[in-house]
Amino acid sequence: MARTADILVVGGGVIGCAIAYELAKAGLAVTLVERGTPGCEASSAGAGMLAPQAESSAPSPRLALGLASKALYADLALELRERTGLDIEYETGGNLHCFLDEGDEAVGRAACAWQREAGLKAELLSRADALGLEPDISAEIRGALFFPEDHWVNNPRLVTALAGAAAQEGVRFVTGEVAAFLRAGDRITGGQVGEDRIRAAVVVLAAGAWSGQLAATAGLRLPVGPVRGQIVCLEGIPRRHRHLLHVGDHYLVPRVNGEILIGASVEWAGFAKQVTAEYVRSALDAAIRLAPALARLPVKATWAGFRPWAPDELPVIGPWPGLEGLVVATGHFRNGILWAPITARLIRELLVDHAPSLDLTPFRPDRFAK
Ligand SMILES: Cc1cc2nc3c(=O)[nH]c(=O)nc-3n(C[C@H](O)[C@H](O)[C@H](O)COP(=O)(O)OP(=O)(O)OC[C@H]3O[C@@H](n4cnc5c(N)ncnc54)[C@H](O)[C@@H]3O)c2cc1C
C-alpha cells in the first residue's frame, strides 16, 4: 500500500519526536516511523543533562548550539506540561565539578578562565563553599568549579511528553522499520516499511546510531554510528543531591524521584548493548570516592545505550546538498537531549521559513563525502 505525507520522520527518539512535534505545530502533515516505542534507544538511556558548559572546552559551534537550545527548555517544559500533563522535571540546580586532586583543579581553573572570558557564568568554589552546596560529598575535595546555569531533565519523560504532544498535533505514528529509502534519481521520495511505501515531500533522517546504515540504502555516505554509554543507577531516597556532580570523567545526575545516575562510559564497541563489570566498578568507585555515603545505597538498575556519533563529533543537521527531499538530523552524540529543541527549531526554520537562525555550515550532511 502507498501512503503520502508532507513529511516522513524516520526514528522516534528525542530528535525525531521533537522535529515531528515542531513541524506538526507549523501545520504540516507528519508521519513518524519508529520500529520500537518512542524513546526506546539512546533517548531514554541518556542521563538528561543540559550542560553545554560542562561539555565544552572552548567557544565553538557546539557550544553556541547548546546555549541556544538550553534557552528553549524553560518554555518547552511549561508547554509540555500544559499539553500533556507530564512534568519533564526541568531542574536548574547547576553543575558542580569537584576537584579531588591537583590535576582536576588545574583543568577546572583553566575552564573557569575561558568560560568567564566568553561571558559565561562559572565560579571557583572553596572546599567549604562546595560542601555548603552539597553537604554529603567528601571533605577530602580541594574545591570545585560551579556552572550555575547547567541544568537537567528527566529524559525518558521528555520523549514521552514530546511524542504525546506530537500525537495531539496530528502526527501519525507508525510502528515499523524503514528498511530502505525510496530514491528516484536525485530525489528521495519516501521509505519502504514492510509491504508499505510511505511517500513524502521530505524525509527527515533521525534514526540515531542507525542513521548511517539507512543512508547507505540510498547510496549515501554518512559515517554516523554507535558509541556505547553505560550507566549505573542508585536508589537514593530521600533525595540527597540538588546539583549535577562531576568527578574526573564521571558524573552523577540526581533525579527528582531520588534516583542517582552515575555515568557514563564512552566506548566504540559496535552495537553490543552490554553493561560490563569493569565499567560498573569504575563508576561506583568514582561515585563513592566523591560521596562515601552512596556506598550504602541499593543499585536499582544498570543499562547501556548507543550515542549517534559522527567522526568530528558535531551533529549532522540540514538538507543533503544535491539531493531533493532528504533532510538529516542525527549525530547528536553526547548532547542529543540538550540539542533536541534547537534541532527541531532549525529543521522547522529550514522547511517552513526557509531561513535557519543559526549557520548550519559546520553541520552539513555531506561534509564526510571525501
Ligand atoms: C549513557 C548515555 C548518556 C547520555 N547522556 C546525555 C546527557 O546527559 N545529555 C544529553 O544531551 N545527551 C546525552 N546522551 C546522548 C543522547 O541520549 C543522544 O544524543 C540522543 O538520545 C540521540 O537521540 P536520537 O533521537 O538521535 O537517537 P535515538 O534515541 O537512538 O533514536 C533513534 C530511533 O530511531 C529508531 N530507528 C533506527 N533505525 C530505524 C529504522 N530503520 N526504522 C525505524 N526506526 C528506526 C530507533 O529504534 C530509535 O528509537 C547520552 C547518551 C547515552 C547513551
Side-chain angles (χ1 to χ4, degrees), residues 8-20 31-52 54-55 62 65-66 69-70 73 95 150-156 158-159 162-163 173-181 191-194 198 203-217 224 226-233 244 246 251-253 261-267 271 273 275 279 283 302-310 313 315-317 328-344:
L8 169 61
V9 177
V10 184
V14 71
I15 300 298
C17 288
I19 291 170
T31 295
L32 184 151
V33 182
E34 163 58 50
R35 65 183 170 201
T37 51
C40 63
E41 295 287 352
S43 299
S44 291
M49 289 181 293
L50 312 175
E55 287 283 325
R62 67 195 333 271
L65 201 66
S69 205
K70 187 167 60 76
Y73 255 99
N95 194 345
D150 275 356
H151 303 157
W152 68 103
V153 290
N154 180 323
N155 43 298
L158 168 67
V159 194
L162 284 169
F173 282 79
V174 174
T175 304
E177 175 153 337
V178 175
F181 285 143
Q192 183 78 39
V193 183
I198 302 182
V203 176
V204 179
L205 173 55
W210 297 268
S211 298
Q213 293 176 353
L214 200 49
T217 66
V224 171
V227 171
R228 184 171 70 195
Q230 301 185 45
I231 287 202
V232 179
C233 172
L244 295 174
H246 276 73
Y251 54 73
L252 280 68
V253 177
L261 310 190
I262 309 167
S265 63
V266 180
E267 303 165 275
F271 285 104
K273 200 183 272 182
V275 173
Y279 183 71
T302 60
W303 62 79
F306 302 124
R307 305 178 185 91
W309 171 87
E313 301 191 354
V316 186
I317 304 172
V328 182
T330 189
H332 291 70
F333 192 38
R334 300 182 61 147
N335 292 285
I337 309 302
L338 170 63
W339 290 339
I342 193 71
T343 301

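Numbering of ligands and ligand atoms starts at 1, following listing order. In what follows, every heavy atom counts, from backbone to side chain, and hydrogens, waters and symmetry copies are set aside.
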Margin query: Check contact between G176 and ligand 1, using heavy atoms of the residue and a distance below 4.0 angstrom.
Written below: yes
Inset, instruction - Return yes when A209 approaches ligand 1 closer than 4.0 angstrom through a heavy atom, no otherwise. - result: no
Within 4.0 Å of some non-hydrogen atom of L338, the atoms of ligand 1 are 10 (C), 11 (O)
Restricting to heavy atoms, the pick from T343, V178, L50, V159 nearest atom 40 (C) of ligand 1 would be V178
At under 4.0 Å between heavy atoms, what of W339 touches ligand 1? The answer is neither
V33 heavy atoms within 4.0 Å reach ligand 1 at atoms 43 (C), 44 (N)
Nearest heavy atom to atom 37 (C) of ligand 1, choosing from G191, A207, G208, G16, belongs to A207
Query raised in the report: Does even one non-hydrogen atom of G263 get within less than 4.0 Å of ligand 1?
Result: no
When distances are taken from atom 5 (N) of ligand 1, the protein heavy atom at minimum range is A47 N, 3.1 Å
Tell me whether A329 has any N or O atom under 3.5 angstrom from an N or O of ligand 1. no
Go through it in stages, so that I can follow the logic: the residues are I231 and I262, the test is side-chain contact (heavy atoms from CB on, under 4.5 Å), and I'd like the CA-CA distance, side-chain angles, deciding distance and then a yes or no.
CA-CA 6 Å; I231 287 202; I262 309 167; 6.0 Å; no
Item to complete: May I ask you to check whether A45 has an N/O atom sitting below 3.5 Å from an N/O atom of ligand 1?
Response: no
- Item | R35 charged N/C atom sitting above W210 aromatic ring, 6.0 Å / 45° | yes
Handout entry: Within-shell test, T330 vs ligand 1, heavy atom, strictly < 4.0 Å
Key = no
shortest atom 48 (C) of ligand 1-to-protein heavy-atom contact is with E34 OE1, 3.4 Å
Within 4.0 Å of some non-hydrogen atom of G229, the atoms of ligand 1 are 1 (C)
Within 4.0 Å of some non-hydrogen atom of W210, the atoms of ligand 1 are 30 (O), 37 (C), 38 (N)
A student checking ligand 1 against I231 at a 4.0 Å heavy-atom cut-off should list atoms 1 (C)
For atom 17 (O) of ligand 1, the closest protein heavy atom turns out to be A42 O, 3.1 Å
For Y251, the atoms of ligand 1 under 4.0 Å from one of its heavy atoms are 3 (C), 5 (N)
Flag G39 as yes when one of its N or O atoms lies below 3.5 Å from any N or O atom of ligand 1, and as no otherwise.
no
Do any nitrogen or oxygen atoms of G36 lie less than 3.5 angstrom from nitrogen or oxygen atoms of ligand 1? no
Ligand 1 atoms nearer than 4.0 angstrom to some heavy atom of F333 are 15 (C), 16 (C), 18 (C), 19 (O)
Atom 31 (O) of ligand 1 sits nearest the protein heavy atom G13 CA, 3.4 Å
Min over Q192, E177, R334 of heavy-atom distance to atom 12 (N) of ligand 1 lands on R334
Note: F181, heavy atoms under 4.0 Å from ligand 1, region reported as neither
Taking only non-hydrogen atoms of H332 and a 4.0 Å limit, the atoms of ligand 1 in range are 19 (O)
Atom 23 (O) of ligand 1: of S43, P315, G305, the nearest heavy atom sits on S43
So for R228 against ligand 1, with non-hydrogen atoms under 4.0 Å, the contacting part is neither
Do NZ/NE/NH1/NH2 and the carboxylate oxygens of K273 and E41 come within less than 4.0 Å?
yes
